[in-house]
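Computed from heavy atoms alone, side chains included, the values below leave out hydrogens, waters and symmetry copies.
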Amino acid sequence: KTADGLSMDQQQRQEVDRNYHAFTRALSGIVQQHRDQFVLMHDGAIIAYFEKPGDAYREGLARYADAMFSIQEVTVEPIDLGFWSHAAHN
C-alpha cells in the first residue's frame, strides 16, 4: 500500500478513471484534428498524441516510471480502454 493507503492497483484504477473522464470532456475539441490517434494521459491531462498505441505506451513508461498513465484512442464514441489499452498490440 502507498502512503495514502491505496494499493498500486487502486491508484492505477483511479488514474485511469480520472484520465478517462478528462478525455471524454476534451473529446469534442480534439476529435476533428486527432481522430484515430492515441493520447497519452496523466493526472487528468492530455500529454501528447501518437499515431500508434505502442508509441504512446513507451512514452508513458519513459515519462512515468510508476506507470501511472493511460492511453485513449481519439474516436467519435469514447471507449474506456483502461491502462493496457492497445499497448500490447504495437
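Among all heavy-atom pairs drawn from H34 and V74, the shortest one is O-CB, 3.2 Å. In terms of heavy atoms, M41 sits closest to A22 at CE-CB, 4.1 Å. Of all the heavy atoms in R63 and I47, the pair that sits closest is NH1-CG2, 2.9 Å. Of all non-hydrogen atoms in G44 and N19, the two that sit nearest each other are N-OD1, 2.7 Å. Heavy-atom minimum distance, E73 versus F23: O-CZ, 3.3 Å. Nearest approach of Q37 to Y49, heavy atoms of both residues: OE1-CB, 3.6 Å.
Using cut-offs of 30° and 60° for the angle between ring planes, the Y64 and H42 rings count as parallel.
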Test L61 against F69 for side chain to side chain contact (heavy atoms under 4.5 Å, CB included), laying out the working first. CA-CA 8 Å; L61 289 177; F69 64 89; 4.0 Å; yes
Chi angles and distances behind the salt bridge (Lys or Arg N to Asp or Glu O under 4.0 Å) call for R13, D17: CA-CA 6 Å; R13 184 74 241 171; D17 289 347; 2.8 Å; yes
Going through the checks in order, is the salt bridge (Lys or Arg N to Asp or Glu O under 4.0 Å) test met by K52 and D55? CA-CA 5 Å; K52 296 180 179 179; D55 293 341; 5.6 Å; no
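Not a single donor-acceptor pair under 3.5 Å links the side chain of E59 to the backbone N or O of A56.
Taken from CZ in R58 to CG in L40, the straight-line distance is 12.5 Å, to the nearest 0.5 Å. With rounding to the nearest 0.5 angstrom, the CD atom of Q11 is 8.0 Å from the CG atom of D66.
Annotation: salt bridge (charged side-chain N to carboxylate O under 4.0 Å, His left out) contacts involving residues 25-44, sequence neighbours excluded, comprise R18-D43.
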